Amino acid sequence: MEEVEVPSYFLCPISMEVMRDPVTISTGITYDRENIEKWLFSCKHTTCPVTKQELQITDLTPNHNLRRLIQSWCTLNSCHGIQRIPTPKPQVHKTHVVKILNEAKKCPEMQLKCLRRLRSIAHANESNKKCLESAGVVDFLASMIKKREVALVEDSEFTKASDEALNILFHLNPSDEELKRFISQDEQFLDSLLHFLKCGNFQSRAYAIMLLKSAFNVADPAQLIGMKPENFKAIVGILNDKISQQATKAALKILVELCPWGRNRIKATENGAVLALIELLLDTKERRGCELILSILDHLCSCAEGRAELLSHGAGIAIVSKKILRVSHVASDKAVRILCSISKFSATSKVLQEMLQVGVVSKLCLVLQVDTSPKTKEKTKEILSLHSRVWRDSICIPSHLLSSYPS
């Protein structure tokens with residue numbers, strides 16, 4: 001088939017593809033709507049990609065004349081396999097969104113239908129999301145989510161409406177300022193998100209854990225310290241159920257945020273966090289995931305309950321040791337710190353023999369021979385020196401590694 005040369009002014013300056021919905025910004029440059037919305041709203045840029053000028057306003061004006069030219073060109077070249085670009089749907093207006101909101105507030109029986117209309121609008125494009133935010137939709141959605149706990153029947157219209165509200169709020173990606181306002185003005189917002197973790201369907205639980213991760217990033221220390229044990233159980237449940245990679249990573253980041261505060265290490269341990277993390281570590285090869293898991297285990301093993309749980313798992317010591325020198329410097333450092341906690345505070349004769357037999361001591365000797373951080377080497381020497389009487393002359397350590405054993 002003969003190739004057709006595309007006029008350069010039909011191409012978006014960002015993607016260099018034919019524009020489907022050309023819009024012009026305040027600098028006079030025309031872009032494809034999807035590309036410029038991603039640049040401005042998703043990537044948070046504040047400049048024109050071509051001129052690099054700072055944009056005081058981010059209004060997007062449809063370039064109807066250019067769109068018609070592109071559509072006519074597509075029609076003329078249809079014999080070359082070029083399909084006509086459909087006319088884009090008109091952009092939603094704030095008055096239309098306010099009307100839907102008022103209808104939902106006045107007629108509870110219409111809420112689910114109205115929320116589904118709002119979801120359709122939100123999923124269309126980034127400009128629609130901004131329109132929804134300016135109309136006050138975010139506050140309405142938050143109020144719907146806070147009512148979730150009073151819904152007693154899981155298949156009720158009320159519960160379905162709150163699930164829909166959570167879906168929309170997640171995709172609107174509320175700002176840190178909005179989330180901080182929600183959780184500072186009313187603790188029920190956090191409690192409601194946590195309630196979704198316990199009682200929601202898989203999709204709602206995934207949305208809730210990811211919103212929680214963003215909320216905990218801006219939460220006050222008092223809110224982090226005051227976490228209830230049952231909330232840790234709900235977060236650990238996300239790890240056990242492996243709903244999605246995104247949900248798992250969000251749950252890990254939440255535990256990283258929570259574990260340093262108050263008695264949270266004990267609360268997490270008592271609700272199965274250590275065993276869940278070890279099982280996850282056995283299956284995880286991705287670098288960032290391993291680093292997060294080892295970071296949490298490092299926190300949990302700083303308390304006796306956490307160390308006891310790790311030692312109760314048949315693969316606990318072995319999998320932590322295995323990650324040393326295989327993932328990253330960060331992972332190696334965290335793994336060595338965990339082993340140091342075990343060696344200093346939980347080193348029974350049985351534990352010391354296990355560390356020999358599963359290759360922990362040999363791995364630590366290897367750490368001293370390769371390029372690792374000074375802190376990691378220092379911790380490693382501390383472990384090996386602490387139990388040199390038991391380990392130093394063991395036949396379990398290869399001779400080429402024994403030479404690096406600290407005197």
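Computed from a prediction, not measured in an experiment: that's the story for all the values here.
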Novice: Please confirm whether the backbone N or O of Leu112 pairs with a side-chain atom of Glu164, one donor and one acceptor, at under 3.5 Å?
Specialist: no

Novice: Stepwise, does the side chain to side chain contact (heavy atoms under 4.5 Å, CB included) test hold for Phe196 with Ile145?
Specialist: CA-CA 9 Å; Phe196 274 100; Ile145 288 170; 3.6 Å; yes

Novice: With a 4.5 Å limit on heavy-atom distance, are the side chains of Phe216 and Lys253 in contact?
Specialist: no

Novice: So do the side chains of Ile235 and Leu258 get within less than 4.5 Å of each other, counting heavy atoms only?
Specialist: yes

Novice: Does the side chain of Ser127 pick up a donor-acceptor pair with the side chain of Glu37 at under 3.5 Å?
Specialist: yes

Novice: For Glu126 and Lys38, what are the C-alpha separation, side-chain angles and deciding distance, and is it a salt bridge (Lys or Arg N to Asp or Glu O under 4.0 Å)?
Specialist: CA-CA 7 Å; Glu126 294 293 331; Lys38 183 178 180 181; over 6 Å; no

Novice: Run the side chain to side chain contact (heavy atoms under 4.5 Å, CB included) test on Thr248 and Ser244 for me, step by step, so that the C-alpha distance in whole Å, both residues' side-chain angles and the decisive distance to 0.1 Å come before the verdict.
Specialist: CA-CA 6 Å; Thr248 296; Ser244 70; over 6 Å; no

Novice: Does NZ in Lys198 sit with more than 12 non-hydrogen atoms of other residues, nucleotides or ligands closer than 6.0 Å?
Specialist: yes

Novice: Is there a side-chain contact between Asp333 and Val336 (heavy atoms, below 4.5 Å)?
Specialist: no

Novice: What are the two closest heavy atoms between Leu132 and Ala122, and how far apart are they?
Specialist: CD1-CB, 3.5 Å

Novice: Got a sec, which pairs hit ring pair (Phe, Tyr, Trp, His ring centres under 6.0 Å) with one end in residues 23-66, sequence neighbours left out?
Specialist: Trp39-His45

Novice: Is there a side-chain contact between Leu384 and Cys365, using heavy atoms and a 4.5 Å cut-off?
Specialist: yes

Novice: Keeping the roles fixed (side chain from Glu291, backbone from Val330), state whether a donor-acceptor pair exists under 3.5 Å.
Specialist: no

Novice: Side chains of Thr376 and Ser373: do they bring a donor and an acceptor to under 3.5 Å?
Specialist: yes

Novice: What are the two closest non-hydrogen atoms of Val97 and Cys131, and how far apart are they?
Specialist: CG2-SG, 4.0 Å

Novice: Tell me the closest heavy-atom pair linking Gly226 and Lys267, and the distance in Å.
Specialist: C-NZ, 4.4 Å

Novice: Measure the CE-CD1 distance between Met210 and Ile254 for me, rounded to the nearest 0.5 Å.
Specialist: 10.5 Å

Novice: Please evaluate residues Gln83 and Ser78 with respect to the criterion side chain to side chain donor-acceptor pair (under 3.5 Å), reporting the C-alpha separation (whole Å), side-chain torsions for both, the decisive distance (0.1 Å), and the verdict.
Specialist: CA-CA 6 Å; Gln83 295 183 344; Ser78 60; over 6 Å; no

Novice: Hey, could you give me the CG/OG distance between Leu297 and Ser302, rounded to the nearest 0.5 Å?
Specialist: 11.0 Å

Novice: Between the side chain of Asp21 and the main-chain N/O of Asp32, is any donor-acceptor distance below 3.5 Å?
Specialist: no

Novice: How about Ser295 and Asp298: does a side-chain donor come under 3.5 Å of a side-chain acceptor?
Specialist: no

Novice: Evaluate the salt bridge (Lys or Arg N to Asp or Glu O under 4.0 Å) criterion for residues Arg181 and Asp139: first the C-alpha distance (whole Å), next the side-chain angles of each, then the deciding distance (0.1 Å), finally the verdict.
Specialist: CA-CA 10 Å; Arg181 176 166 57 85; Asp139 285 334; 3.0 Å; yes

Novice: Would Thr47 and Gln53 count as having a side-chain donor-acceptor pair, cut-off 3.5 Å?
Specialist: no

Novice: Rounded to the nearest 0.5 Å, what separates atom OG1 in Thr30 from atom CG in Asn65?
Specialist: 10.5 Å

Novice: Is it the case that over 12 heavy atoms from other parts of the model lie below 6.0 angstrom from the NZ atom of Lys99?
Specialist: no

Novice: Determine, stepwise, if the pair Ile25 / Ile57 fulfils side chain to side chain contact (heavy atoms under 4.5 Å, CB included).
Specialist: CA-CA 9 Å; Ile25 63 173; Ile57 55 174; over 6 Å; no

Novice: Once you round to the nearest 0.5 Å, how far does OG1 of Thr380 lie from CG of Leu339?
Specialist: 8.5 Å

Novice: Could you tell me whether the side chains of Thr24 and Thr61 share a donor-acceptor contact shorter than 3.5 Å?
Specialist: no

Novice: Other residues, nucleotides and ligands only: do more than 12 of their heavy atoms fall within 6.0 Å of NZ on Lys377?
Specialist: yes

Novice: Give the ring-plane orientation class for Phe10 versus Trp73, where under 30° counts as parallel, over 60° as perpendicular and anything between as tilted.
Specialist: perpendicular

Novice: Before giving the answer on side chain to side chain contact (heavy atoms under 4.5 Å, CB included), spell out for Leu55 and Leu40 the whole-Å C-alpha distance, their side-chain angles and the decisive distance to 0.1 Å.
Specialist: CA-CA 10 Å; Leu55 299 174; Leu40 294 173; 3.6 Å; yes

Novice: Shortest non-hydrogen contact from Ser204 to Leu166?
Specialist: O-CD2, 3.2 Å

Novice: With distance as the sole test, does Ser362 use its side chain to make a donor-acceptor pair with the main-chain N or O of Gly359 at under 3.5 Å?
Specialist: no

Novice: Compile the donor-acceptor pairs under 3.5 Å between side chains in residues 310-324 and protein atoms, sequence neighbours left out, one pair per line.
Specialist:
unit_1: Ser312; atom_1: OG; unit_2: Glu309; atom_2: O; d: 2.7
unit_1: His313; atom_1: ND1; unit_2: Ala315; atom_2: N; d: 3.0
unit_1: His313; atom_1: NE2; unit_2: Glu279; atom_2: OE2; d: 2.7
unit_1: Lys323; atom_1: NZ; unit_2: Thr284; atom_2: O; d: 3.0

Novice: Can you tell me if Glu34 has over 12 outside heavy atoms packed within less than 6.0 Å of its CD?
Specialist: no

Novice: Can we say Lys113 and Glu103 salt-bridge, meaning some charged N sits less than 4.0 Å from an Asp/Glu carboxylate O?
Specialist: no

Novice: Around atom CD of Glu382, are there more than 12 heavy atoms of other residues, nucleotides or ligands at under 6.0 Å?
Specialist: yes

Novice: Will you find, in the side chains of Asn167 and His171, an N or O donor that is under 3.5 Å from an N or O acceptor?
Specialist: yes

Novice: Checking side-chain polar atoms at under 3.5 Å, does Arg287 have a donor or acceptor matched by the opposite partner on Ser328?
Specialist: no

Novice: Does a side-chain heavy-atom distance below 4.5 Å link Asn264 with Phe232?
Specialist: yes

Novice: Taking side chain as C-beta onward, heavy atoms only, is Val361 less than 4.5 Å from Ser394?
Specialist: no

Novice: Quick check: do Arg67 and Pro88 have side-chain heavy atoms less than 4.5 Å from each other?
Specialist: yes

Novice: Inspect the surroundings of CZ in Arg84 and state if more than 12 heavy atoms from other residues, nucleotides or ligands are less than 6.0 Å away.
Specialist: yes

Novice: What distance separates Leu255 CG from Leu292 CG, expressed to the nearest 0.5 Å?
Specialist: 10.0 Å

Novice: Quick test of your reading: applying salt bridge (Lys or Arg N to Asp or Glu O under 4.0 Å), list the pairs with at least one residue in residues 231-243, sequence neighbours left out, ordered by first then second residue.
Specialist: Arg205-Asp241, Lys242-Asp283

Novice: Taking Lys381 first and then Glu378, would you say they form a salt bridge - that is, a charged N and a carboxylate O separated by under 4.0 Å?
Specialist: no

Novice: Could you walk me through whether Glu133 and Lys129 pass the salt bridge (Lys or Arg N to Asp or Glu O under 4.0 Å) test, one step at a time?
Specialist: CA-CA 6 Å; Glu133 291 169 5; Lys129 290 180 183 179; over 6 Å; no

Novice: For the atom pair CD1 (Ile397) and NZ (Lys363), what is the distance rounded to the nearest 0.5 Å?
Specialist: 14.0 Å

Novice: Please determine whether a side-chain nitrogen of the Lys or Arg among Lys180 and Asp220 lies less than 4.0 Å from a carboxylate oxygen of the Asp or Glu.
Specialist: yes

Novice: Taking the side chain as every heavy atom from C-beta outward, state whether Leu172 and Ile168 have any pair of such atoms under 4.5 Å apart.
Specialist: yes

Novice: Ser343 and Ile383: which non-hydrogen atoms are nearest, and at how many Å?
Specialist: OG-CG2, 3.2 Å

Novice: Would you say Glu230 has more than 12 foreign heavy atoms packed within less than 6.0 Å of its CD?
Specialist: yes

